[in-house]
Amino acid sequence: MGSFQTPMATRTAAMLETSCGYLLQELQMIWDEVGEDQFEREKVLVDLEHECLQVYRRKVDNANMSRSRLHQELADSEAQYTHLLLSLDERSLPTRPEKMAGTLKEQLGAIAPALQKLQMRKAERMKQFRTVQSQIQKIAAEIAGQSEYDDSLPDIIVNENDLSLKKLEEYQLELRRLHADKNDRLEKVKNYINTIQNLSATLGMDPSMIITKVHPSLNELSGLSKNMSDRILAKLNSTVESLEAEKQSRIEKLRNLGNSLKNLWELMDTPYIERQLFSHISSSTSLTNLSTPGSLAITMIEQAEAEVERLDQLKASKMKELLVKKRTELEEICRRSHMEVPSLSEMEHVVSSIKRGEMDYADLLKSMDEQIARAEDEALSRKMIMEKVEKWALARDEERWLEEYNMDENRYTVSRGAHKNLKRAERARVMVNKIPALVESLIAKTKSWEEERKKVFLYDEVPLLALMQEYNKSRHEKEEDKQRRQREKKLAQSKVVVLHESVMLTRPSTSSRRLDQSVNGGFKRVPTGIQFGTSNVKSPNPNKPIVNDGKGSQGPKKLPPSRFDRYLKEDRASSLSRFSSPFSP
C-alpha cells in the first residue's frame, strides 16, 4: 500500500486536473462525510487502479493489434506489389519511393498509389489475356469442328502468375498462327467446293446435295459457319477424288465408245451427217479438254451406248457384204499380179471362229486389211518383174507369129497387106532377138526377188524361174531342131542339084532347048519344091492363113491375158514334172 500511496498523491494531483481526478476528489469528500475507514478506501482505490490497468491493457492490446495489422497490411502491400511486379514483368514504378520512411500509416499511404496503379495494369492485362485466349479457344474450336455455342467448351482461365508481355506475345503469336491456319483451311474448303461444283457440273450431278452430304455447314444457304476440321477436309478430299475417279471412268468409257463408233463407222461407211451427232465423243481432243457442263453426263454415255448397240446390230447384217468386198479386192490384187489367192477354206475357218465367239468382226476385217496391205506390198515388189513378164509374153507371141510367118511359102508374093506383114516381121525379129537378154534379166531379177523375200516367185501358181528355165530349154531345143532341119534341107538341095546336073549331062539337047526358051522369054527356072501361084498359100495351120488379103495384122498386137495363160497351162505340165515338190509363196 505504501508503494501505492507514494505515487498516489502524484496521480491524485494529476487526476485533479482531469475528470478522473475530480471524481476521485468527490469520492474522498463522500468518504469523509460518511466516515469510511482507510482500509476500505485503500481497497476501493486498488480496485479502481486494477480496473484502470485492465482498461489500459485493453487499449494497449488494441493498439498493438492495430500496429500489427498495419505491419501486416504494409507487408501484404509490399508482397502484392512485388508479386504484381513479377507477374507483370515490371521492374519498378516511378511513383513508388525507393526507400520507405515514416510511420506505418505514412508508409502505407506512400505504397498505396503504386499498388493501385499495378492493380489497374493487372486488370487491363487480364482483360487482354482473356480476349486473346477466348479468340484462341474460339478459332481452335472452329478448326476442331466444334461450335462456339458448345457447352463442352471450358471457361477461360487466365494464369495470374504470368501476365507478362512476353506471355501475351506468345498468345498473340498462337492466335495469328491459328488465324493463318483458319484462313488456309477456309481456302482449302473453298477450293474443294469449287472443284466439287465444277466436277458435278461436268458429270451432270447436283453439287449442293453432294456438298450438304459432306457437312450441312458447307452449304451457303445454311447460314452456318463452315466446318473446317481435319475430318471435313478429309471427306472433301475423298469426295473430290471419287468425283475425279468417276470423271476418268466416264472419260475412259466415252473413249472406248468413241473408238467403237469410229470402227463401226469405218466398217459400215456411215455418212458424215450421222457421224456429226457423236463427233464430240469420237474426237480425242474433245475428251481431253472436257469443261462444258453436262459433257460427261450419264445421259450422254447412255446415248453413246445405245448408238453403239444399234450399230452393232447393223454390223452383223452388213459384215458379210463388207467381207465379200474385201475378199473381192484381195482377189483382184492377186489376179492383176498373178499371185496366189488365199483359199476359201481359210476364210470359212475364220467365219466359223467368229460364230464361236473366238474372233470379232473387227479382228477379221483387220486381218483382211493386213492381207490386202501385204498383197499390195508384194504386188508392188513384183511390178518390175511383171512388166518384164508381159514384155516376154508379147515377145513370145510375136515369136510364134514369126515362126508361122517364116513357114509360109507365099510370104514374099505380091498381094494386099503383104508389105504390112513384112514390116511386122521386121519388128517381130527385133523383139525376138531381144528375148534371150530379156529372159536372162527376168531370171536374175526373179532370183534376187526370191533371195530377198525368202520365197518362190509364183506366176499363176507356177514357179516363174522354172517356167523361164523351161522356156530356155525349149528355145534351145527349137534352135537345135531348126539348125538340124536347115542342114537336112541343104543336104537335100545339094542332092537335087547333083541329080539335076547328072540329068543335064545325059540330055544336053533338052536342057539347051529349055535354056533357050528361058532366054527368049516365057519360062523361068525355079527351085525344086516351090510352087507357083498367088491365090492359095499353103500354111502350117490350114484353118489360119498367114496372109489375109490386106486385112491382116497392122503390127504387133498386145495379147489378151487369156492367151498367155493358155501358154502357161500348156507348159505347166512339163514345168511341174521337173519339180516334184510343191512351191508355196
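Quantities reported herein were computed from a predicted structural model and do not represent experimental measurements.
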Q: Taking C-beta and beyond as the side chain, do Y192 and L233 meet within less than 4.5 Å on heavy atoms?
A: yes
Q: Judged by atom type as modelled, is there a donor-acceptor pair below 3.5 Å linking the side chain of S381 to the main-chain atoms of E378?
A: yes
Q: Taking atom CG of N259 and atom CG of L254, what is their separation to the nearest 0.5 Å?
A: 11.0 Å
Q: Looking at S238, is its backbone amide N or carbonyl O close enough to the side chain of S242 to form a donor-acceptor pair, meaning the two atoms are under 3.5 Å apart?
A: yes
Q: How about CD on E452, more than 12 heavy atoms from neighbouring residues, nucleotides or ligands closer than 6.0 Å, or not?
A: no
Q: With rounding to the nearest 0.5 angstrom, report the CZ to CD distance, F129 to E160.
A: 11.0 Å
Q: Would you call K213 and D206 a salt bridge, taking side-chain N to carboxylate O under 4.0 Å as the test?
A: no
Q: Between R250 and E246, is there a side-chain N and carboxylate O pair less than 4.0 Å apart?
A: yes
Q: To the nearest 0.5 Å, how far apart are CG in D312 and CD in E307?
A: 10.0 Å
Q: Tell me the closest heavy-atom pair linking Q133 and I157, and the distance in Å.
A: NE2-O, 3.4 Å
Q: Closest approach of L257 and I301, non-hydrogen atoms and distance?
A: CD1-O, 3.9 Å
Q: Can you see whether N227 engages S217 through a side-chain donor-acceptor pair at a distance of less than 3.5 angstrom?
A: no
Q: Where is the tightest heavy-atom contact between I385 and K445, given as atom of each residue plus distance?
A: CD1-O, 3.7 Å
Q: For a quick test of reading the model, state the closest non-hydrogen atom pair linking L218 to I211 and the distance between them.
A: CB-CG2, 3.5 Å
Q: Strictly distance-based, threshold 3.5 Å: is any side-chain N or O of K235 a donor or acceptor partner for the main-chain N or O of V214?
A: yes
Q: Does any N or O in the side chain of N256 come within less than 3.5 Å of the main-chain N or O of E252, such that one atom is a donor and the other an acceptor?
A: yes
Q: Among R185, K226, K182, whose side chain to side chain donor-acceptor pair (under 3.5 Å) with E142 holds?
A: K182
Q: Are more than 12 heavy atoms from other residues, nucleotides or ligands located less than 6.0 Å from atom CD1 of I273?
A: no
Q: When you measure from the side chain of S134 to the backbone of T131, do you find a donor-acceptor pair of N or O atoms at a distance under 3.5 Å?
A: yes
Q: Using modelled atom types only, decide if a donor and an acceptor are shared between the side chain of R130 and the backbone of V158 within a distance under 3.5 Å.
A: no
Q: For E370, I'd like to know if atom CD has over 12 heavy atoms of other residues, nucleotides or ligands within 6.0 Å.
A: yes
Q: Of K325, R374, K326, R327, which is the lone residue that meets salt bridge (Lys or Arg N to Asp or Glu O under 4.0 Å) with D369?
A: K326
Q: Side chains of M209 and T212, heavy atoms from C-beta outward: is any pair under 4.5 Å?
A: no
Q: Verify, without hydrogens or angle tests, whether N194 (side chain) and K190 (backbone) share a donor-acceptor contact under 3.5 angstrom.
A: yes
Q: Go through N237 and E241 one step at a time and tell me if the side-chain hydrogen bond (donor to acceptor under 3.5 Å, both in side chains) criterion holds.
A: CA-CA 6 Å; N237 185 57; E241 289 179 353; 3.2 Å; yes
Q: With K167 as the cation and Y171 as the aromatic partner, state whether NZ or CZ is under 6.0 Å from the six-membered ring centre and within 45° of the axis.
A: yes
Q: For L88, is there any backbone N or O sitting under 3.5 Å from a side-chain donor or acceptor partner on R121?
A: no
Q: Tell me if the CZ atom of R176 is crowded by more than 12 foreign heavy atoms within 6.0 Å.
A: yes
